[in-house]
J.: 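One structure, pasted below without further comment.
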Amino acid sequence: MSLSDIWDVLVLGVVLGSLYAVIAIGYTLVYGVLQLLNFAHSEVFMSGGFGGVIALTIVEPVADPSGLQSVGYVLLGICAGAVLGGAVAFGLEKAAYQPLRRRNAPRLVFLITAIGASFFLYNLAGKLFGRYPIKMPTMYENKKLFEVLGAPVSVTQFIIVLAGVLMLVTVDIVVNRTKMGSGIRAVAQDPEVASLMGVDIDKVVSRTFVLGGLMGGVAGFLFGTNLQVEYTMGFLPGITAFAAAVLGGIGNVRGAMLGGLTLGVVESFTVEIWGDAWRYVGAFAVLVLVLMFRPTGLLGERVGRTA
Amino acid sequence: MRLAIPVAAGALLLTGCSSDDGGSTIKIAYQGPLSGQNVGLGENMERGIQLAINEANASGDYDFELEYFAADDQGSETEATTAAQSAIDDSDVVAVIGPAFSGPTNVSGPLYGQAGLAAVTPSATNPTLTEQDFGTFLRAVPNDNAQGAAMADFLSGQDGVDSVMVIDDVTPYGEGLADVAEADLTEAGVDIRRESVPQDTVDYSNAARTVVESGVDALVYAGYYEALAPFTTRLNEAGFDGIGISGDGSNDDELINLAGDAAEGWYLTCPCTNAAEEEGTQEFAERYQEEFDQAPGTYSAESYDIANMIIEQIAELGGDPSREDLYNALAGVEYQGLTKTFSFDENGEFTNDAIFMYQVEDGVIGYLGATEELIG
């Protein structure tokens, strides 16, 4: 592997890693606040892909869009993905988790409900949108935009990384600097004391789900742009992003970013060295190795204690 | 108990019916997906068979009346037993066309064997099916070995193809096809690189980069259109300018819907001919269009041929053959159909291994003809 190869592979890894990082935030926020592994987040992500397809199909992008039009289409897709992702996450919380919380259900029940909700949602999507994959309408010509140390970066790759970085920075600010963020952190640290201090726990939990859903929805749209949209698309990226959240230290927002990027880059180099069939073997070997030495993950703290 | 009497009476009535007119009617069954996910593929074959039966009845050439019998297995292994049993239980059924898919064939094959009922498949291509000695199984389509060999022949006959990358999608279909293509290309003296890219890969960028960096002249992809579509998109972006070739798993219009321009120029092999374009089947295609108000699809013409082959054998056996006699006649047949000549070796394997080429041109899958003729 020459030096230029290394840069090429690194760029591919960072692009994939940005996607994982944005999805991983959804897992980490919900876990941080509720200690709940929300496996249905895969389907929140999937619905973001369909949101983008639906919005763009309604708008019908022109055949040869100008630069400004292209930017408009991408922004529209991002918004549609975010809205649908947020809505599904909100509905999921209200329909599946809130009733359980009210009844003080044990943790295991939440986990099974999450898995059940995941099955329900992806089969519903299969019913609604068909079982065939759908191509995202063309929004721009995906040509080479510029080079980073000799490694080409295409328009799609640039959009993914740019959107990923912007979202990660936003979430970090929201969690650490805003009133909503201090609510989230307060509930994460100690729900009982938080509620005694006048924090509306239900509201905070709902907002946390919506925040994670917005991120997941955008990631779904970006992912669909890179590949194609399908009712089963949530599973693999979802489970990998979950692993990324654990790798970074589940419950830790910055850890999710770091974990996502790490997994993306490790996957990319695994594929380069051993081939695509080894993609997850390499990535998950790294996961196990890291957790052996740092059982709490790379950054290993929860939302409540990062500030 | 109250139910038992009507049920028993009904059963008597049913058995009575089938044995009463057993002498006059002869049924040809078809087992394939007539509901469920892949119903489109199943109906292509069904219509070909129905057309053959209708024409035989209308022709007045035969002194027996033919009837079509549908055994719907939904293309699934779990439904295959029930579907096969329904055909076996009807004593008027003298031969089955199908099963359509390899999975259901694996389950149904032994049942047909026990019943002595000939099962002639128009489309199940897994090579291992004929190695299991089902008893009455005949394959009227070249298996996946032939397809891999055709890819290899075609590529090694092209100018400037010295190195080829063979990529499978880590499914039984893809790996089998890739193994054959790899072996035959190696034999032809072409430099081979073998890679595996699982069909649910989340990002084809790395794989596309590997292909372009390796500098190969051609790429063989053994898998389905659903994965090939995003792969071709990435290959295009990465600047791959070699020859691309894939098999019947990718030979579907969905490939173009998903890949758009990126699939342009890709070659696709298939054991199926294009009925609307082949000279021998053009008339058939017109009659088919007239009868069903749509063009024949993959394996329609082949199913039509198989049905006619069976009808011809029934006539030669005097119009009322036993299942065993008809199977024996079919096993030794040499029948000239519209698409090709049908005959079988001692394992029931098809002796004809003609594979046909298609190429994506201007956003449609265009038909090029038989591989043998293209290579010359």
Side-chain angles (χ1 to χ4, degrees), chain A residues 1-2 4-5 8-9 11-13 15-17 19-20 23 126 130-138 141-144 151-152 154-157 160 223-230 232-241 264 267-280 283, chain B residues 36-40 75 165-171 174-175 178 193-214 221 223-239 250 252-263 363:
Chain A
M1 210 193 295
S2 71
S4 79
D5 282 343
D8 281 358
V9 178
V11 165
L12 296 179
V15 172
L16 192 60
L19 282 174
Y20 287 155
I23 311 170
R131 316 265 169 187
Y132 283 109
I134 302 168
K135 183 183 162 63
M136 191 70 77
T138 312
E141 194 194 345
N142 189 23
K143 54 186 185 225
K144 190 172 88 175
S154 74
V155 181
T156 305
Q157 290 172 328
I160 289 174
F223 198 89
T225 311
N226 197 35
L227 198 68
Q228 54 206 14
V229 177
E230 200 177 354
T232 53
M233 69 185 270
F235 181 71
L236 267 178
I239 214 80
T240 315
E267 263 188 36
S268 189
F269 277 96
T270 309
V271 171
E272 175 68 15
I273 297 166
W274 291 292
D276 243 302
W278 290 89
R279 179 183 285 267
Y280 295 110
Chain B
Q37 242 183 353
N38 294 299
V39 60
M165 186 177 285
V166 178
I167 295 185
D168 69 74
D169 68 347
V170 204
T171 64
E175 283 186 343
R193 246 188 95 170
R194 174 73 180 265
E195 294 282 339
S196 293
V197 181
Q199 64 168 354
D200 50 7
T201 294
V202 290
D203 188 5
Y204 284 89
S205 308
N206 288 95
R209 206 190 87 83
T210 310
V211 174
V212 174
E213 290 289 305
S214 68
Y221 181 76
Y224 298 94
Y225 63 85
E226 195 177 318
L228 180 59
F231 195 7
T232 56
T233 311
R234 291 284 159 273
L235 281 167
N236 236 21
E237 285 163 14
S250 305
D252 192 297
D253 288 338
E254 274 293 304
L255 173 67
I256 295 165
N257 291 343
L258 287 171
D261 296 342

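Letters go in sequence order (proteins before strands), and every chain restarts at 1. Just so it is clear, the model here is predicted, and its values are computed rather than measured.
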J.: Which residue, A:L12, A:T270, A:D8, forms the side chain to side chain contact (heavy atoms under 4.5 Å, CB included) with B:N206?
T.: A:L12
J.: Tell me, please, which residues at least two apart from A:F269 pass ring pair (Phe, Tyr, Trp, His ring centres under 6.0 Å).
T.: none
J.: Would you say CG of A:D5 has more than 12 non-hydrogen atoms from neighbouring residues, nucleotides or ligands within 6.0 angstrom?
T.: yes
J.: With a 4.5 angstrom heavy-atom cut-off, which part of A:L19 approaches chain B: side chain, backbone, both or neither?
T.: neither
J.: Given the options A:L236, A:T232, A:N226, which has more heavy-atom pairs under 4.5 Å with chain B than any of the others?
T.: A:N226
J.: Using non-hydrogen atoms and a limit below 4.5 Å, what part of residues 227-235 of chain B faces chain A?
T.: B:A229, B:P230, B:R234
J.: Highest number of heavy-atom pairs under 4.5 Å with chain A: which of B:E226, B:E213, B:E237?
T.: B:E226
J.: Measuring only between side-chain heavy atoms, which start at C-beta, is A:V271 closer than 4.5 Å to B:R209?
T.: no
J.: For chain A, which residues of residues 194-204 of chain B have at least one non-hydrogen atom nearer than 4.5 Å to it?
T.: B:E195, B:S196, B:V197, B:P198, B:D200, B:T201, B:V202, B:D203, B:Y204
J.: Please identify each residue that fulfils salt bridge (Lys or Arg N to Asp or Glu O under 4.0 Å) with A:D276, with sequence neighbours left out.
T.: A:R279
J.: If you define the side chain from C-beta out and look only at heavy atoms, does anything of A:P133 sit under 4.5 Å from B:L258?
T.: yes
J.: Answer with side chain, backbone, both or neither: which region of A:F235 has an atom nearer than 4.5 Å to a non-hydrogen atom of chain B?
T.: neither
J.: Roughly how far apart are B:N257 CG and A:K135 NZ, rounded to 0.5 Å?
T.: 10.0 Å
